[in-house]
Amino acid sequence: MQLRYGFRLYPSAGQRASLARAFGCARVVYNDALRARETARNESMPFPRISDLSKRLITEAKKTPERAWLGEVSAVVLQQSLRDLDTAYRNFFEGLRGKRPRTGAPRCKSRKGTRQAVRFTANACWSITAGGKLRLPKIGDVKVKWSRTLPSTPSTVTVVKDSAGRYFASFVVETGPQEVLPKTDAVVGIDLGLGHFAVLSDGRKIDNPRFLRRAEKKLKKAQRALSRKEKGSRNRGKARLKVARAYVRVADVRRDFHHRLSTELIRENQAVAVEDLAVKGLARTRLAKSVHDAGWSAFVDMLEYKAARYGRQFIRIGRFEPTSQVCSHCGVKDGPKLLQVREWTCRACGNVLDRDVNAAVNVAKAAGLAVSACGAQVRRAPVPAQRGEAGTHPKRSSVRWEQAGTSGRQTGEDVKPGTWPAIAPATPPTA
């Protein structure tokens with residue numbers, strides 16, 4: 001499979017100017033090609049092919065005074081910009097045919113966009129020097145902060161500038177079967193939520209870090225300072241950069257948390273089952289900020305591609321599966337319950353079930369995984385003794401049994417501020 005590795009770049013002042021020139025030229029060629037295709041559509045003419053657009057908008061345009069500055073950047077960057085437009089049109093038409101999720105029609109790129117990117121293929125003759133720098137055509141040797149070793153020789157590299165003014169190099173590499181992990185017998189079902197980020201079928205609960213909620217005070221202060229700056233001034237640009245850096249810091253720590261947790265679950269379990277949540281629907285409710293702060297979709301995507309990478313099994317069950325209504329012990333459907341009900345008693349078998357852990361066990365069972373409900377925080381509800389047996393046992397032992405039955409509930413561990421939420425150890429069954 002193909003993977004993408006990102007590393008931080010530290011270009012010099014001259015290299016930043018060269019990169020800005022490359023970003024601008026790629027954006028101009030993209031917009032010119034978009035206008036050419038829209039003009040052809042309005043005139044009921046066939047769409048121009050990439051080869052025709054390349055000849056007219058790049059080769060011939062370099063010879064004109066208006067577009068002579070296109071020759072200051074690598075021609076591969078301009079060619080890849082045309083390919084990006086062709087991919088955008090293909091995705092748009094396939095979405096209309098129902099072959100993929102719907103996307104909007106391609107639009108012109110703005111000079112003030114928050115994200116700028118250019119891509120270099122093997123034809124551009126880019127390379128990694130012996131000193132560990134990234135050599136790009138007509139830009140120079142750029143310093144790279146290597147955090148890991150690439151598993152194979154990359155085929156392309158994309159240089160990205162984000163909204164906070166940071167530069168990254170994104171490499172596309174091919175991985176083989178050598179990364180498959182040894183098999184294990186453990187399987188897990190995951191129930192995602194807001195009170196706890198994830199509840200596992202073995203009874204473990206992962207606290208929800210709420211990164212955006214914790215950073216709201218700093219974000220509010222930075223946004224208030226931005227709103228007071230005069231539009232078009234340099235101070236407003238500096239304030240906008242502070243707001244962007246505050247937001248990307250939240251996004252970075254959330255992504256790091258998702259990566260750590262997903263990697264741990266994939267390494268420990270042979271099969272992972274999750275529920276297909278309607279995130280778009282939940283994002284239209286009053287819980288929208290909390291849903292986006294949790295980042296369920298990004299976490300599930302990480303689980304899916306890491307399972308394929310390491311030879312694990314990933315299963316996604318339907319969102320209409322009644323995981324919170326079915327008893328994980330006897331399988332009897334007990335009906336819908338309000339969100340305030342976090343613990344309920346099965347009317348058929350009498351087990352007291354934790355709502356989230358019971359749902360995680362049902363997710364694993366609905367996926368066809370052989371999971372035991374012994375770790376689902378189940379305890380037998382106290383049943384009155386029959387009249388004929390009321391005097392056969394001492395009263396003190398029955399009191400001890402009731403206390404043992406009620407004291408076996410798992411309690412969440414408090415997480416100190418600034419520390420990573422750890423996975424709580426599994427609680428042994430109490431009944």
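Everything numeric in this text was worked out from a predicted model, so none of it was measured. The chain is numbered in sequence order, starting from 1.
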Report task. Start with the C-alpha distance between Asn235 and Lys238, add both sets of side-chain angles, then the distance that settles side chain to side chain contact (heavy atoms under 4.5 Å, CB included), and finish with yes or no. Result -> CA-CA 5 Å; Asn235 286 336; Lys238 295 177 183 178; 4.2 Å; yes

Query raised in the report: Going by atom types only, do Thr184 and Glu268 share a side-chain donor-acceptor pair under 3.5 Å?
Result: no

Query raised in the report: Under 3.5 Å, side chain of Lys183 to main-chain N/O of Gly311, donor-acceptor pair present?
Result: no

Query raised in the report: Within 45° of the ring axis of Tyr310 and under 6.0 Å from its six-membered ring centre, is that where the NZ or CZ of Arg267 lies?
Result: yes

Requested in this report: Could you verify whether a donor N or O on one side chain and an acceptor N or O on the other, from Thr156 and Arg119, lie under 3.5 Å apart?
Outcome: no

Query raised in the report: Is a salt bridge present between Arg213 and Glu216, judged by a nitrogen-to-oxygen distance below 4.0 Å?
Result: yes

**Report entry** Salt bridge present between Lys109 and Asp84 (N-O < 4.0 angstrom)
**Finding:** no

Query raised in the report: Hey, is the main chain of Asp141 close enough, under 3.5 Å, to the side chain of Gln15 for a donor-acceptor pair?
Result: yes

Query raised in the report: Would a 4.5 Å heavy-atom cut-off, applied to side chains only, mark Leu19 and Val142 as touching?
Result: no

Requested in this report: Carefully, step by step, assess Arg249 and Asp252 under the rule salt bridge (charged side-chain N to carboxylate O under 4.0 Å, His left out).
Outcome: CA-CA 5 Å; Arg249 192 177 298 114; Asp252 287 345; over 6 Å; no

Query - Minimal non-hydrogen separation, Leu219 against Ala246, with atom names - result: CD2-CB, 3.4 Å

Query raised in the report: Should Arg97 and Glu94 be marked as a salt bridge (charged side-chain N to carboxylate O under 4.0 Å, His left out) after you check the CA-CA gap, both sets of side-chain angles, and the distance that decides it?
Result: CA-CA 5 Å; Arg97 300 188 190 102; Glu94 289 182 357; 5.6 Å; no

Requested in this report: Return yes if some donor-acceptor pair links the side-chain N/O of Arg236 with the main-chain N/O of Lys229 below 3.5 Å, else return no.
Outcome: yes

Requested in this report: Anything under 30° is parallel, anything over 60° is perpendicular, the rest tilted; go ahead and classify Phe47 against Phe93.
Outcome: tilted

Query raised in the report: Under a 4.0 Å N-O cut-off, is there an ion pair linking Asp32 with Arg35?
Result: yes

**Report entry** Salt bridge flag under 4.0 Å for residues Asp293 and Arg214
**Finding:** no

Report task. Anything under 30° is parallel, anything over 60° is perpendicular, the rest tilted; go ahead and classify Trp126 against Phe171. Result -> tilted

Query raised in the report: Atom NZ in Lys205, atom CG in Asp356: separation rounded to 0.5 Å?
Result: 5.5 Å

Requested in this report: Mind telling me whether His258 and Phe299 have parallel, tilted or perpendicular rings, with 30° and 60° as the class edges?
Outcome: tilted

Query - Shortest non-hydrogen separation from Ala33 to Leu85 and the atoms involved - result: CB-CD2, 3.4 Å

Requested in this report: Could you check if a side-chain atom of Val157 sits within less than 4.5 angstrom of a side-chain atom of Phe7, using non-hydrogen atoms only?
Outcome: no

**Report entry** Donor-acceptor side-chain pairing of Lys306 and Thr263 below 3.5 angstrom
**Finding:** yes

Query - Side-chain (Ser18) to main-chain (Gly14) donor-acceptor, under 3.5 angstrom - result: yes

